[in-house]
Amino acid sequence: MTNHEISAVFRAIGSLLQIRGDDAFRARIYERAADVIEDFPSELSAEASEQNTPGYNKSAIEQLRATPGIGKAIQDKTVEMLETGRCRYYDDLTAEMGTGILELLELRGVGVKTVGRFYQELGVRDLEDLQALLESGKMRGLKGIGKKTLQMISESLAFRTQLRKARPLWAVLPIAQRISENLAQFGWIKRKPEFTGHLRRSEEICRGIELIVECQDESAFQFENGVVPDSLQAFLEPFSQTQIVFKTGDQTQYLYDSDSASLIEKSQDEPTSDVREMLPVIQFYIDQYFPASIYLCTAATSELTLFLTTAADAHFDALPDCPSPQTTEHGITEAEIYEELGLSYIPPELRQDSTSVAAAKDNTLPDLVEFTDLRGDLHAHTDSSDGRNTLQEIVAAAKAEGLEYFAITDHSVSSTVANGLDQKRLLEQVKQVRELDAEIEGITVLAGSEVDIRRSGTLDFPDEILAQLDIVVASVHSHFNLTEAEMTKRIVRAIEHPFVNIIGHPTGRMLGRRPMYPLNLEEVIAAAAENDTVLEINGSPSRLDLDPQFVRMAKDAGVLLAVNTDAHAIRQLSHRHSGLNVARRGWLTKAEVINTYTLEELREQCSIGVPS
DNA sequence: GCCGTTTTCGGCCCGACTGTTTTCAGTCG
């Protein structure tokens, strides 16, 4: 198991204990353990840490045990998970309570106390139970839950229900990776499975998992006599609660019967001429709601399959012609397919809608920004506010990543929960940053702040303080329930502030948790263009804010963007990757992303890197 | 469950603010 998976188990234990009404302090220990392991600097499993010994990474476990708050019980359960892949304590808890109850915690308007009451007093075990309860009217008159709260729960429930079919990339990726790793072990697979569909397009919200596996030869997916190889049976076992469909290339469909491990021919659908319907594929559901497709191909058909399955429907329909399924022995490459279609090559991230097809026809597709173009990060936190690492640690890590410059932007005083810095602490930090910058070779450290935009649009620090900073990122962290007009005015006011360089996570959305706050993006973008204020693409997988559609709007208005990590720990420096994906999906070129600038260019063109 | 002893139990608890409700749960990063 990976650190991430272990962390998720501990977090679930913590939540379940609270819902059941156990000791809150004990529950908190599990949550803290989840935090520690999530951000642990090395993988605890020997495999994941690439040590050759089987089992767990011994020195990492010792280091974990030495962490404050991690005791023997947590260590034992961690080792148990690394050795067996299971945690008996967790299994017992979920056997008693189910896992559906955890989904209720994601609802807005309720916390662990209310969910605990639903569970303990009303016997609610999942979203369906709650939905039924809401519809029955039994929730009305419940102590402590008034009309407004009820309304919020209802809306949030609808948001969650929708989310079962459309999930954030960060939630889907680990499942897809696990499936890919499981498949890769089988002898009939020639090389590691490849992501396609939503995953290959790097969509922030996925509606399915689609993988391509290249088989040794076609016999691997003809399934003659209804025989399914043992390895595939083992693979499909966890999904056998849902319908599993096998399609061969000739439009024959089979239903998989897990009891007899055999295929039963399914009544024929209407014949179709859509070549995508003729691809050999195994389709099933990850759980009740989320579809997965595993496309089977050979070396000769792999790139064609990749091409056909990467395009979103709207994009596919806009293609001038459908590529012919005939292939040569070596197979046809995607580049050759585009050439044949009379189009310039369209990067997977742009195969979302019809607009890229039109641009490919005219040869006007942008030259998209590349990961290697990124020179620095302009939004990161240390343990002075709510980051996990010290200034020295995270700067050293940024340097090791090859960054040329790195801005320290801890929270400001209003963000009390995040231990925001007051003026005195900020000025102390600025001094430390300047000292570190003078000391360290190979990277420039910038002194900044992620300043709260207050309710009225004023900033959390006076001008004479802001003037001493190299960079000011201004963000909204409170009062999310303003009207659209109020929120727009608030943010525009911050944009107009002469010392603000960048607006951080401009729409405030949290993928899978809450939608963006009401905001008139046209006005915000127009103001940013007018005032030369940069808008942020926040690379945190749970945000990915701005959304690509807004990135494109900003680009078209001539606004520059910053791809920032908002790193709260060293590992989160990797958020540059997810941020870059968004930039590419928003059609950005190198010149439109300020992190690709040299420090000198940043100073001259963005007034970043110098006190105001 | 963890920690640290006045060494085998007792204390631990992100916190200011909001909004709905009437005394407290939820929110924010």
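When reading the values below, keep in mind they use all heavy atoms of this one structure, side chains included, and skip hydrogens, waters and symmetry mates. Chain letters run A, B, ... following the sequence lines, proteins first, then strands; residues in each count from 1.
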Phosphate OP1/OP2 of [N] contacted by [X] side-chain N/O (<4.0 Å):
X        : N      : result
A/Arg28  : B/dC14 : yes
A/Arg108 : B/dC28 : yes
A/Arg32  : B/dC3  : no
A/Arg513 : B/dT27 : no
A/Asn481 : B/dG19 : yes

Distance flag, aromatic centroids of A/His379 and A/His575, threshold under 6.0 Å: no

Between [atom2] on [N] and [atom1] on [X], what's the gap in Å once rounded to a whole number?
X        : N      : atom1 : atom2 : value
A/Lys113 : B/dT23 : NZ    : P     : 15 Å
A/Asp460 : B/dA16 : CG    : C1'   : 13 Å
A/Asp383 : B/dG29 : CG    : C1'   : 15 Å
A/Ile37  : B/dC2  : CD1   : P     : 11 Å
A/His568 : B/dC14 : NE2   : P     : 17 Å
A/Tyr90  : B/dG1  : OH    : P     : 17 Å
A/Ile19  : B/dA25 : CD1   : P     : 15 Å
A/Glu31  : B/dC13 : CD    : C1'   : 12 Å

Spell out, as yes or no, whether a donor-acceptor pair under 3.5 Å connects the side chain of [X] to the backbone of [Y].
X        : Y        : result
A/Arg509 : A/Arg543 : yes
A/Glu536 : A/Asn564 : no
A/Asp437 : A/Val433 : no
A/Arg584 : A/Val369 : yes

Sidechain N-carboxylate O distance under 4.0 Å for A/Arg164, A/Glu128: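 Salt bridge flag = yes for A/Glu128 with A/Arg164.
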
Sugar-phosphate, base or nothing in reach of A/Arg455, heavy atoms under 4.0 Å: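 Nothing, no heavy atom under 4.0 Å.
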
Sugar-phosphate, base or nothing in reach of A/Arg117, heavy atoms under 4.0 Å: nothing

C1' gap between B/dT20 and B/dA25, integer Å: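 Nearest-Å result for B/dT20 against B/dA25 at atom C1': 9 Å.
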
P spacing across the pair B/dT22 / B/dC17, given as an integer number of angstrom: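 Those two atoms are separated by 24 Å.
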
A/Phe25 side-chain proximity, nearest of B/dG26, B/dG1, B/dG15: B/dG1

Members of residues 501-512 of chain A that approach DNA chain B, where some heavy atom sits under 4.0 Å away: none

